[in-house]
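Reviewing the structure listed below.
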Amino acid sequence: MQDESAEDFPYRTEYKKKSIRSYVIRAGRMTEGQRRAFDTYWGTYGLSLFDGPLDAVAAFGREAPLVLEIGFGMGDSLLAMAEAEPDKDFIGIEVHPPGVGRLINNAGKLGLKNLRVYMADAVDVLNDCIPDGSLDRFQLYFPDPWHKKKHHKRRIVQPEFIRLLCSKLKGGGLMHLATDWENYAEHMMEVLEAEPALENTAGAGQYASRPEFRPETKFERRGQRLGHGVWDLLYQLK
């Protein structure tokens, strides 16, 4: 586990040792509210990589469509989706404690019951915790673009990663990616189009319109005002 700071904070990002990661864990400053949220709500919302395969029915107390999001940042978008789609159960994965603290704090205040969170390496969670054929929808919004060419190998969207995700989706399940970096959008498209198990819902080689279930963020609206683009890619498992 990661010892992210010298502070007395017992909640640590969980991961297994690997040579290349798609993220850098930044300690960051946590607000007092975010820190308290772990003590108050982690027992309700937190899941551990080291608990092994997830029993979603036991975790949520019901059988419902399952949505998984990797890299939810500060959690506002995922919170809005969980609130807007109470018929679905949502699992979020994030490595940065401040974002996790903010999400579980807000979810706890709302009393949301259809949300659970891993503070862990996403690939480790996919490999060790998420059963094959269990996801109805997968979401990856605005991942780190690693825009320098020498860092492209760190991008999370790679053929092996997409094949792993395909194994976790149910037949007909959706894979939704979004980025505001055109070069990364092109890279995503190339990887997704090359995966034979997936079908582009917008047509081969085409970007999708933002689906209604993905909230438009303040960051996104600001970017659009500055003339920045956003590219959505929506694929279905055959």
Side-chain angles (χ1 to χ4, degrees), residues 1-18 20-56 58-60 66-83 88-131 134-135 137-144 146 154-157 161 164-165 168 217:
M1 290 192 193
Q2 175 81 6
D3 184 10
E4 289 164 334
S5 74
E7 295 179 77
D8 182 22
F9 183 67
Y11 305 93
R12 297 290 182 252
T13 302
E14 300 173 336
Y15 62 84
K16 294 181 173 181
K17 188 176 178 62
K18 53 174 60 69
I20 297 175
R21 293 200 195 102
S22 63
Y23 57 88
V24 175
I25 297 178
R26 306 174 186 89
R29 285 197 173 274
M30 297 183 68
T31 67
E32 194 55 41
Q34 289 164 357
R35 291 172 64 90
R36 281 198 310 269
F38 279 90
D39 292 330
T40 307
Y41 296 120
W42 184 252
T44 300
Y45 295 108
L47 298 171
S48 174
L49 165 66
F50 302 114
D51 285 342
L54 175 69
D55 182 341
F60 290 98
L66 193 60
V67 181
L68 175 71
E69 179 169 336
I70 288 176
F72 57 75
M74 297 307 288
D76 295 347
S77 175
L78 181 56
L79 183 80
M81 282 184 280
E83 198 175 7
K88 297 179 177 65
D89 290 331
F90 289 79
I91 296 173
I93 306 176
E94 177 56 62
V95 295
H96 299 298
V100 174
R102 177 182 170 89
L103 176 62
I104 63 175
N105 191 43
N106 289 335
K109 289 177 179 177
L110 290 172
L112 288 186
K113 301 185 183 303
N114 63 332
L115 177 68
R116 298 293 184 272
V117 178
Y118 284 98
M119 190 164 72
D121 180 285
V123 174
D124 291 339
V125 172
L126 286 169
N127 279 318
D128 292 5
C129 305
I130 306 301
S134 64
L135 301 179
R137 194 166 87 212
F138 169 76
Q139 304 172 170
L140 178 68
Y141 301 150
F142 309 105
D144 193 327
W146 293 102
R154 291 187 177 274
R155 289 175 168 178
I156 192 169
V157 178
F161 176 71
L164 175 60
L165 286 174
K168 304 303 174 181
T217 66

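When a residue number appears, it is its place in the shown sequence, counting from 1. Only a predicted model underlies this, so the values are computations on that prediction, with no experimental measurement involved.
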For [X] and [Y], work out which heavy atoms get closest and say how close.
X     : Y      : value
Gly75 : Leu103 : O-CD1, 3.4 Å
Gly92 : Leu78  : CA-CD2, 3.7 Å
Ile70 : Ala122 : CD1-CB, 3.5 Å
Ala37 : Ile104 : O-CD1, 3.6 Å
Phe60 : Phe90  : CZ-O, 3.5 Å
Val95 : Ala120 : CG1-O, 3.5 Å

Heavy-atom side-chain contact between [X] and [Y] under 4.5 Å:
X      : Y      : result
Ile91  : Val125 : no
Cys129 : Leu49  : yes
Leu79  : Leu110 : yes
Met119 : Phe38  : yes

With sequence neighbours left out, what residues match [X] under side-chain hydrogen bond (donor to acceptor under 3.5 Å, both in side chains)?
X      : result
Arg137 : Glu85, Gln139
Tyr141 : His176
Asp128 : Lys16
Asp55  : none

inquiry  = I need the full list of side-chain hydrogen bond (donor to acceptor under 3.5 Å, both in side chains) pairs touching residues 37-46, with sequence neighbours left out, sorted by first then second residue.
reply    =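 Every pair satisfying side-chain hydrogen bond (donor to acceptor under 3.5 Å, both in side chains) with a residue in residues 37-46: Tyr11-Asp39.
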Would you compute the distance between atom [atom1] of [X] and atom [atom2] of [Y] and round it to the nearest 0.5 angstrom?
X      : Y      : atom1 : atom2 : result
Met74  : Gln34  : CE    : CD    : 5.0 Å
Glu83  : Leu115 : CD    : CG    : 11.0 Å
Ile93  : Ile130 : CD1   : CD1   : 6.0 Å
Lys113 : Asp89  : NZ    : CG    : 12.0 Å

ask   = So Tyr118 and Val100, side-chain contact (heavy atoms from CB on, under 4.5 Å) or not? Walk me through it.
value = CA-CA 9 Å; Tyr118 284 98; Val100 174; over 6 Å; no
query = Around atom NZ of Lys88, are there more than 12 heavy atoms of other residues, nucleotides or ligands at under 6.0 Å?
reply =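 Above 12, so yes.
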query = Does anything in residues 91-110 pair up under salt bridge (charged side-chain N to carboxylate O under 4.0 Å, His left out), and if so which pairs, sequence neighbours excluded?
reply =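 Every salt bridge (charged side-chain N to carboxylate O under 4.0 Å, His left out) pair that includes a residue of residues 91-110, provided the two are not neighbours, is Asp76-Arg102.
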ask   = Is the backbone of Tyr15 close enough, under 3.5 Å, to the side chain of Asp124 for a donor and an acceptor to pair up by distance?
value = no
message = If we ignore hydrogens and angles and just use 3.5 Å, is the side chain of Arg116 paired with the main-chain N or O of Leu47 as donor and acceptor?
response = no
query = Residues two or more places apart in sequence or in another chain: which of them pass side chain to side chain contact (heavy atoms under 4.5 Å, CB included) with Leu164?
reply =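 Counting only residues at least two positions away or on another chain, Leu164 forms a side chain to side chain contact (heavy atoms under 4.5 Å, CB included) with Val123, Leu126, Asn127, Ser167, Lys168.
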